[in-house]
Every structure is written in C-alpha cells, then in structure tokens.
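The sequence lines fix the lettering, A, B, ..., with proteins before strands; numbering per chain opens at 1.
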2 protein chains.
Amino acid sequence: MNVMNASPRRKELTRLAAQLFVQEGFDRTTVRMLAQEMGIKSGSLFHHFKDKQEILAAVIEEGTQNALNIARAALSECDANPEARLHAMARAHLETLFADRNAHVVALFEWRRLDPAASAHLSHLRDAYEALWVDVIDDALNAGLVRGDCFLVSRFILGALNWTVRWYDPNGPRTPDDLADELVAMITAR
Amino acid sequence: MNVMNASPRRKELTRLAAQLFVQEGFDRTTVRMLAQEMGIKSGSLFHHFKDKQEILAAVIEEGTQNALNIARAALSECDANPEARLHAMARAHLETLFADRNAHVVALFEWRRLDPAASAHLSHLRDAYEALWVDVIDDALNAGLVRGDCFLVSRFILGALNWTVRWYDPNGPRTPDDLADELVAMITAR
DNA sequence: TAAATAACCAAGCAAGCGCTAGTGTGAATG
DNA sequence: CATTCACACTAGCGCTTGCTTGGTTATTTA
C-alpha cells in the first residue's frame with residue numbers, strides 16, 4: 001500500500017477518479033465504479049489508496065499544487081506593472097482551471113468531504129495560492145487600477161472566475177484568455 | 001401522500017430538509033436523519049413526499065420562487081434609471097440569498113442531484129430569474145455604466161454574487177447591502 | 001354517529017456500500 | 001535459485017441505504 005508515493009500508476013488512477021467525481025459527485029461514486037473505470041476489481045483499489053478519502057485528497061492536492069505552480073510561473077514572467085500582474089493572474093487562474101478542470105471542480109465543490117486532517121493539510125496550499133491574489137489585488141488598488149476593499153475585491157474576482165466552470169464551454173468561440181481580458185476590462189477604472 | 005400540495009406541515013419539513021442538506025450534502029443526508037430532525041420516524045416521511053428526490057425538488061423550488069418574487073418586487077419599486085436598477089438587482093439577489101440561505105445553497109450546489117423531470121421544470125423558474133438580470137445588465141451596458149459583453153458580464157456578476165455564500169459572514173460588520181454597493185462600485189466605469 | 005382522511009409508527013426487505021482477508025503471479029533483486 | 005515485491009484477484013463481512021407494508025390513532029367531514 002503506497003501511502004504517499006506518486007507512482008505513475010497512482011497518478012493515472014487519480015486522474016480517472018477526478019473525472020468520475022465530477023461526473024457523479026464524490027458520494028455517489030462507489031469504489032466499484034472507480035475500480036471498473038480503472039480496469040481493475042474493487043479490492044485492488046486499496047493497494048494504491050488507503051481508503052476512498054485518500055483518493056479525494058490526492059485529486060484535490062494535484063489540482064491545487066498545479067494552480068500554485070502555474071500562478072507563480074506566470075507572475076515571475078511578467079514585470080512589476082500592476083495591470084500586467086492582474087492580467088497574468090486572471091489568465092493563469094483560468095488556464096489551470098480548464099487544463100485541470102476535473103481536479104479543480106472537485107476541489108471547489110467536494111472540499112467539504114475531506115476529513116479534517118486532509119483538509120488542514122490542503123488548506124495551506126490553498127491559502128498560499130490566495131495570498132498571491134491578495135498581493136496582486138493590493139497593488140492594483142494602490143495604483144488606482146481597481147476601486148474597492150481588498151478583501152471584497154479578491155472574493156468577488158475569485159467568485160467570478162471560479163463560477164466559470166459552471167457555464168464556460170471550451171468548445172465555444174471564446175478562449176480562457178478572452179475571459180480573463182473581459183473580466184479585467186470590466187473591473188478596471190480608467 | 002401529498003404529491004404537489006403545500007400544506008404548512010410540508011413547508012416546515014422542507015425548511016428543515018434544506019438545513020440538513022446544507023450541513024451534510026444531499027447524498028449524505030439519509031431519510032432517517034431527515035425524519036429525526038422532523039421528529040418523526042423514517043417511514044412517516046413518505047407520507048409527505050413521494051421519495052427523497054421530491055424533497056430536494058421542494059427545497060429548490062421554494063428558494064428559486066422566492067428569488068424571482070423578490071427580484072420582481074425590487075425592480076417594480078425603482079425607477080428606470082439603469083444604475084438604480086442594477087443596484088436593486090444586486091441587493092435583491094443578496095437579500096434573498098441570505099434570507100433563504102439554506103434553500104439557495106442547495107439550489108446552487110445540489111442542482112445536479114435533481115432527476116431530469118424536476119430539473120426541467122425548475123430550469124424554467126431559474127431562466128425567468130436570469131432573464132431579469134440580462135435585461136438590467138443590457139440597460140447598464142447601453143447607458144455606458146458597465147463595459148463588456150452582456151453574456152459575460154452577467155455571468156461574472158452572478159458568479160461573484162453566488163460565491164458569497166462560501167465566505168460571507170452575516171454576523172460580521174458588513175451587511176448584504178454593503179456587498180451589493182461594493183460590487184456595483186467595482187464594475188461601474190465612471 | 002359513521003365514514004373518511006391525515007399523520008404517524010413498527011418492522012423489515014432487497015440492494016448496495018466501504019473495506020478486509022487471503023491468495024496467486026510474474027518481474028526484479030539478492 | 002530463492003526471496004521479495006508490486007499488483008491483481010476472489011469472496012464476502014458487517015452495515016446502511018431508500019423505500020414498502022400493514023396497521024393504529026386523532027381529527028375532520030357527511
């Protein structure tokens with residue numbers, strides 16, 4: 001039983017689990033469904049994961065870690081201009097949201113199913129990610145680019161961005177970058 | 001078995017069910033938990049509702065119908081000024097969101113658990129509500145109050161507003177009206 | 001006063017749940 | 001060549017699930 005390893009097999013199983021969790025919801029996804037999707041029997045599943053909870057934690061950790069990495073990379077690649085940084089964060093957010101869509105939908109809507117230990121651990125990752133946002137928004141406010149309270153503005157922006165998973169169609173005419181540009185245009189005073 | 005009536009008893013049971021669905025999630029809420037919260041035995045539950053699905057539909061219908069009523073009332077009470085109408089809609093949205101918080105959280109996050117028939121029926125209610133928003137936002141765009149595409153702007157605004165249920169603390173210093181004012185201030189170009 | 005109705009309960013069924021125990025197998029390791 | 005290990009299997013345990021059945025009681029209606 002691999003408690004914390006990241007074998008390629010386990011990574012692939014985690015990806016499949018994310019897909020099923022999105023389709024059915026965590027509670028309605030049975031270990032038998034997961035096993036079938038993975039091409040094994042339900043008993044074999046517990047060789048890779050200690051229990052069903054651990055699969056959920058693996059899915060969410062994967063997604064959140066990716067978001068953090070992508071956001072950091074995006075910020076390091078642009079200059080100190082507040083507007084450029086705001087753009088970069090919005091683009092990075094939507095990019096990871098739809099590149100790892102399944103994992104992020106699970107993170108956004110099944111977080112409450114995590115047991116307290118896993119939730120505490122993953123909260124740190126998520127907090128680190130949101131701290132990046134608060135930093136960028138603070139700069140935008142000080143530069144007069146956006147008007148409002150830092151806390152509220154960051155919540156509104158993240159809400160607007162996260163909600164896109166409920167309506168955005170990747171096969172439609174708009175790219176995630178289009179969305180990011182439109183959102184920034186909407187909130188910047190000029 | 002009352003299929004579609006709205007006896008006071010059934011209304012009260014629906015309210016209690018909404019609370020449990022929020023606390024535990026629809027799937028993890030068992031009919032035995034529901035019955036206990038209602039002070040009856042699990043079998044008796046099926047005198048009031050045909051099945052568990054019907055309880056969910058009742059919860060969501062209640063919340064959505066209220067939202068529609070409140071928004072219509074709010075619009076009829078303000079003049080034709082686009083900014084006033086935008087304010088009124090934002091306030092009405094947050095007002096109903098926190099007055100019927102449980103029902104709305106269920107509607108937002110457990111909608112997918114509805115069976116196709118109930119979903120189809122309730123979609124009409126929700127569409128009627130969203131049509132009010134599109135109307136108001138269209139006016140705001142034409143008046144130059146907000147910049148952007150009508151579809152995207154309405155999605156962003158509703159996303160920001162709906163996401164408040166995940167972080168807003170009614171016991172904190174801010175009122176729902178404060179939130180509405182801040183959001184409108186953030187997105188209006190001036 | 002008789003009949004109908006609403007509201008409830010005790011008991012339990014069939015199905016499905018997460019998870020465990022014990023075993024087999026082929027590849028890598030000593 | 002013997003041992004270990006990763007990975008999978010079969011079989012099923014103990015429990016919970018949504019829901020049904022058959023019947024009781026209190027209140028309203030004819």
Side-chain angles (χ1 to χ4, degrees), chain A residues 1-60 106 110 112-119, chain B residues 1-60 106 110 112-119:
Chain A
M1 181 190 316
N2 300 305
V3 175
M4 261 305 176
N5 85 356
S7 66
R9 183 75 173 130
R10 187 175 147 123
K11 269 219 163 184
E12 172 65 6
L13 298 184
T14 303
R15 210 184 51 81
L16 286 169
Q19 191 188 334
L20 260 184
F21 288 164
V22 170
Q23 267 174 43
E24 306 288 330
F26 176 71
D27 291 323
R28 292 171 83 93
T29 304
T30 70
V31 293
R32 286 167 179 83
M33 292 165 65
L34 287 164
Q36 186 171 30
E37 194 76 7
M38 296 163 180
I40 57 179
K41 299 294 177 178
S42 70
S44 313
L45 220 166
F46 296 92
H47 171 74
H48 300 278
F49 301 93
K50 152 169 159 280
D51 54 21
K52 198 186 164 191
Q53 271 285 326
E54 197 180 272
I55 310 179
L56 178 62
V59 168
I60 294 184
V106 171
E110 308 282 3
R112 292 170 19 131
R113 301 287 154 252
L114 288 169
D115 61 37
S119 174
Chain B
M1 182 189 315
N2 301 305
V3 174
M4 261 307 177
N5 84 357
S7 66
R9 183 74 174 132
R10 186 175 148 124
K11 269 217 162 184
E12 172 65 7
L13 298 184
T14 302
R15 210 183 52 80
L16 287 169
Q19 191 188 335
L20 260 183
F21 288 164
V22 170
Q23 268 174 42
E24 307 287 331
F26 176 71
D27 291 324
R28 293 172 82 91
T29 303
T30 68
V31 293
R32 285 165 180 82
M33 293 165 64
L34 287 165
Q36 185 171 32
E37 195 76 7
M38 296 163 179
I40 58 179
K41 300 294 176 178
S42 70
S44 311
L45 223 165
F46 296 91
H47 171 72
H48 300 279
F49 302 92
K50 150 169 161 280
D51 55 19
K52 198 186 164 190
Q53 270 285 326
E54 197 180 273
I55 310 180
L56 177 62
V59 167
I60 294 184
V106 172
E110 309 282 3
R112 295 172 17 138
R113 302 286 154 253
L114 287 170
D115 61 37
S119 175

task = May I have the distance from Gln36(A) (atom CD) to dG16(C) (atom C1'), rounded to whole angstrom?
result = 15 Å
request  = For Ile55(A) and dC17(C), give me the distance from atom CD1 to atom P, rounded to whole Å.
outcome  = 14 Å
task = Looking at every strand, decide which applies to Thr30(A) at a 4.0 Å heavy-atom threshold: base, sugar-phosphate, or nothing.
result = sugar-phosphate
key: Presence of His47(B) side-chain N/O under 4.0 Å of dA6(C) phosphate oxygens OP1/OP2   = no
Close side-chain approach of Thr14(B) and Phe49(B), heavy atoms under 4.5 Å = yes
message = At less than 3.5 Å, do the side-chain atoms of Arg32(B) and the base atoms of dG18(D) form a donor-acceptor pair?
response = yes
ask   = Just how far, in rounded Å, is C1' of dA7(C) from CD of Glu12(B)?
value = 15 Å
request  = Mark yes when over 12 heavy atoms from residues, nucleotides or ligands other than Glu12(B) sit less than 6.0 Å from its CD; otherwise mark no.
outcome  = yes
ask   = Do you know the tightest heavy-atom contact between Asp27(A) and Arg113(A)?
value = OD2-NE, 3.0 Å
request  = Measure the distance from CE on Met38(A) to C1' on dC9(D) and round it to the nearest whole Å.
outcome  = 17 Å
query = If you take all heavy atoms of Arg112(B) and Val22(A), which pair is closest and at what distance?
reply = NH1-O, 2.8 Å
task = Ignoring backbone atoms, test whether Ser44(A) places a side-chain nitrogen or oxygen under 4.0 Å from the OP1 or OP2 oxygen of dC7(D).
result = no
message = When you measure from the side-chain N and O atoms of Lys41(A) to the phosphate of dC9(D), is any distance below 4.0 Å, counting only OP1 and OP2?
response = no
request  = Side chain of Phe46(B) only, please: which of dC8(C), dG12(D), dC19(D) is the nearest?
outcome  = dC19(D)
inquiry  = Whether Arg9(B) contacts dC8(C) is assessed here as follows: a side-chain N or O lying under 4.0 Å from the phosphate OP1 or OP2. Is that the case?
reply    = yes
message = Please report the distance, rounded to the nearest Å, between CG in Leu45(A) and P in dT20(C).
response = 12 Å
ask   = When the distance from CZ of Arg28(B) to C1' of dG16(C) is rounded to whole Å, what number comes out?
value = 16 Å
inquiry  = For a quick test of reading the model, state the closest non-hydrogen atom pair linking Ile55(B) to Leu45(B) and the distance between them.
reply    = CD1-CD2, 3.4 Å
request  = Please report, rounded to the nearest Å, how far the C1' atom of dT25(D) is from the CD1 atom of Ile40(B).
outcome  = 16 Å
ask   = For dC8(C), does OP1 or OP2 lie under 4.0 Å from any side-chain N or O of His48(B)?
value = yes
task = Let me know, please, whether Gly39(B) or Ser42(B) comes out on the 5' side of the other along DNA chain C by nearest nucleotide.
result = Gly39(B)
ask   = Rounding to a whole Å, what distance do you find between Leu34(A):CG and dC17(C):P?
value = 11 Å
